[in-house]
Amino acid sequence: MLRTERLLLRPFDGSDIPDTQASCSDSLTQRWLPLPRPYTLEDATSWCTEVAPALRESGDGIHFAVTDSLTGRLMGTVGLKKTAWQARTSEVGYWISPWGRGKGIAAEATRAVAQWLLTEHQFQRLELRAATGNTASQKVAIGAGFQREGVLRNAGFIHTGRVDLVLFSRVPDDPE
């Protein structure tokens, strides 16, 4: 578990299923992430109770439920994927529930995971990729201390087809 001033980042559990379904069914979330469409209660149940725990156990990544530290309500997720332990590199991604948007939650949670990975686990590089049209996600990257490196042409896939991705990164020597 990780804590920030306003958030608790913890493993997903069964209590997150309804809010996960609502969040992943949201049109803005669906616009930028190639999640199942429609996103069913079965999809949410599988994610919260099987998929997210299995990713942690495999070593490929870790996905935190981002929750309000006062109410415990799910506000989104932030997670690591494509983790290369020998090279000490990974990629971070996130989505924020509609009721949590516009409050800096994504940047706060992403910053916490980045600091944890780069300091406590001595990783050497953390990447973040955002579609060129997803300006909100690009603002999150900058707000979380990531540096823009360039554009990866035709590197992403969303429901409407291929998209270019802006590549951001953080390394241990970057300023906080």
D60 vs K81, test: salt bridge (charged side-chain N to carboxylate O under 4.0 Å, His left out). Steps then yes/no.
CA-CA 6 Å; D60 180 55; K81 61 182 181 178; over 6 Å; no

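- To the nearest 0.5 Å, atoms CG (L117) and CZ (R88) are separated by 8.5 Å.
- Using a 4.5 Å cut-off on side-chain heavy atoms (C-beta onward), L35 and T29 make contact.
- Contact check for L118 versus V171: no side-chain heavy atoms found under the 4.5 Å cut-off.
- Of the inter-residue distances, the one linking L80 atom CG with H121 atom NE2 reads 9.5 Å to the nearest 0.5 angstrom.
- A donor-acceptor contact closer than 3.5 angstrom is absent between the side chains of S46 and D43.
- Under a 3.5 Å cut-off, the side chain of D19 and the backbone N or O of D16 do not form any donor-acceptor pair.
- With hydrogens and angles disregarded, no donor-acceptor distance shorter than 3.5 Å links the side chain of R10 to the backbone of F64.
- One distance of note links OG1 of T77 with NE2 of H63; it measures 7.0 Å at 0.5 Å rounding.
- No hydrogens or angles considered: a donor-acceptor pair under 3.5 Å links the side chains of E108 and T4.
- Residues T83 and G59 approach most closely at CB-O, 3.8 Å, considering heavy atoms.
- Put simply, W99 and L9 are part of the same group of oily side chains (I, L, V, M, F, W, Y) that touch within less than 4.5 Å, one to the next.
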Decide side chain to side chain contact (heavy atoms under 4.5 Å, CB included) for T110 and L128; before the verdict, give the C-alpha distance in whole Å, the side-chain angles of both, and the deciding distance to 0.1 Å.
CA-CA 10 Å; T110 301; L128 187 158; 4.2 Å; yes

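- Looking only at side-chain heavy atoms (C-beta outward), K82 and S90 stay at 4.5 Å or farther from each other.
- Between atom CD of residue Q138 and atom CG of residue L165 there is a gap of 9.5 Å, rounded to the nearest 0.5 Å.
- Side chain of Q124 to backbone of Q122: a donor-acceptor contact under 3.5 angstrom is found.
- Ring centroid separation for the pair W116 and F123 does not come in under the 6.0 Å cut-off.
- There is no path of hydrophobic side-chain contacts, each under 4.5 Å, that joins L41 to V51.
- Residues I105 and G100 come closest through the heavy atom pair CD1-O, 3.4 Å.
- Closest non-hydrogen pair, E149 versus S169, comes out as OE2-OG, 2.5 Å.
- For the atom pair CG (L28) and OG (S23), the distance works out to 11.5 Å, reported to the nearest 0.5 Å.
- Of all heavy-atom pairs between V140 and A107, the closest is CG1-N, 3.7 Å.
- A side-chain donor-acceptor contact under 3.5 Å links T71 to the backbone of R73.
- Atom-to-atom distance recorded for Q21:CD and C48:SG is 10.5 Å, nearest 0.5 angstrom.
- With S137 as the fixed residue, the side-chain hydrogen bond (donor to acceptor under 3.5 Å, both in side chains) test singles out one of W32, W95, Y94: Y94.
- Pairs engaging residues 20-41 under the salt bridge (charged side-chain N to carboxylate O under 4.0 Å, His left out) rule: D26-R101 [sequence neighbours left out].
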Run the numbers on D164 and L152 for side chain to side chain contact (heavy atoms under 4.5 Å, CB included), then give the verdict.
CA-CA 6 Å; D164 294 347; L152 303 170; over 6 Å; no

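- Taking 4.5 Å as the limit, every side-chain heavy atom of R170 sits out of range of all side-chain heavy atoms of Q147.
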Show, in sequence, the C-alpha distance, side-chain angles and deciding distance for F12 and I17, and conclude whether the side chain to side chain contact (heavy atoms under 4.5 Å, CB included) test is met.
CA-CA 9 Å; F12 276 90; I17 293 169; over 6 Å; no

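- More than 12 non-hydrogen atoms from other residues, nucleotides or ligands lie less than 6.0 angstrom from CZ of R162.
- Using a cutoff of 4.0 Å between basic side-chain nitrogens and carboxylate oxygens, R148 and E127 are not scored as salt-bridged.
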For side chain to side chain contact (heavy atoms under 4.5 Å, CB included), just list the numbers for V163 and T132, CA-CA rounded to whole Å, side-chain angles, deciding distance to a tenth of an Å, and then say yes or no.
CA-CA 7 Å; V163 294; T132 54; 5.7 Å; no

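- A salt bridge is absent between D68 and R6; no separation between the charged side-chain nitrogens and carboxylate oxygens falls under 4.0 Å.
- Here the side chains of L55 and I62 are not in contact, with every heavy-atom distance at 4.5 Å or above.
- The side-chain heavy atoms of P11 and M1, taken from C-beta on, include a pair separated by under 4.5 Å.
- Of all heavy-atom pairs between S15 and P18, the closest is O-CD, 3.7 Å.
- The number of heavy-atom neighbours closer than 6.0 Å to CD of E42, taken from other residues, nucleotides and ligands shown, is 12 or below.
- In summary, the aromatic rings of Y39 and W47 are positioned with their centroids too far apart to meet the 6.0 Å limit.
- Under a hydrophobic-cluster definition in which Ile, Leu, Val, Met, Phe, Trp and Tyr are linked whenever side-chain heavy atoms come within less than 4.5 Å, directly or via other members, L2 and V92 are assigned to the same cluster.
- Inter-residue side-chain proximity for L74 and V66 is flagged as unmet; no heavy-atom pair is nearer than 4.5 Å.
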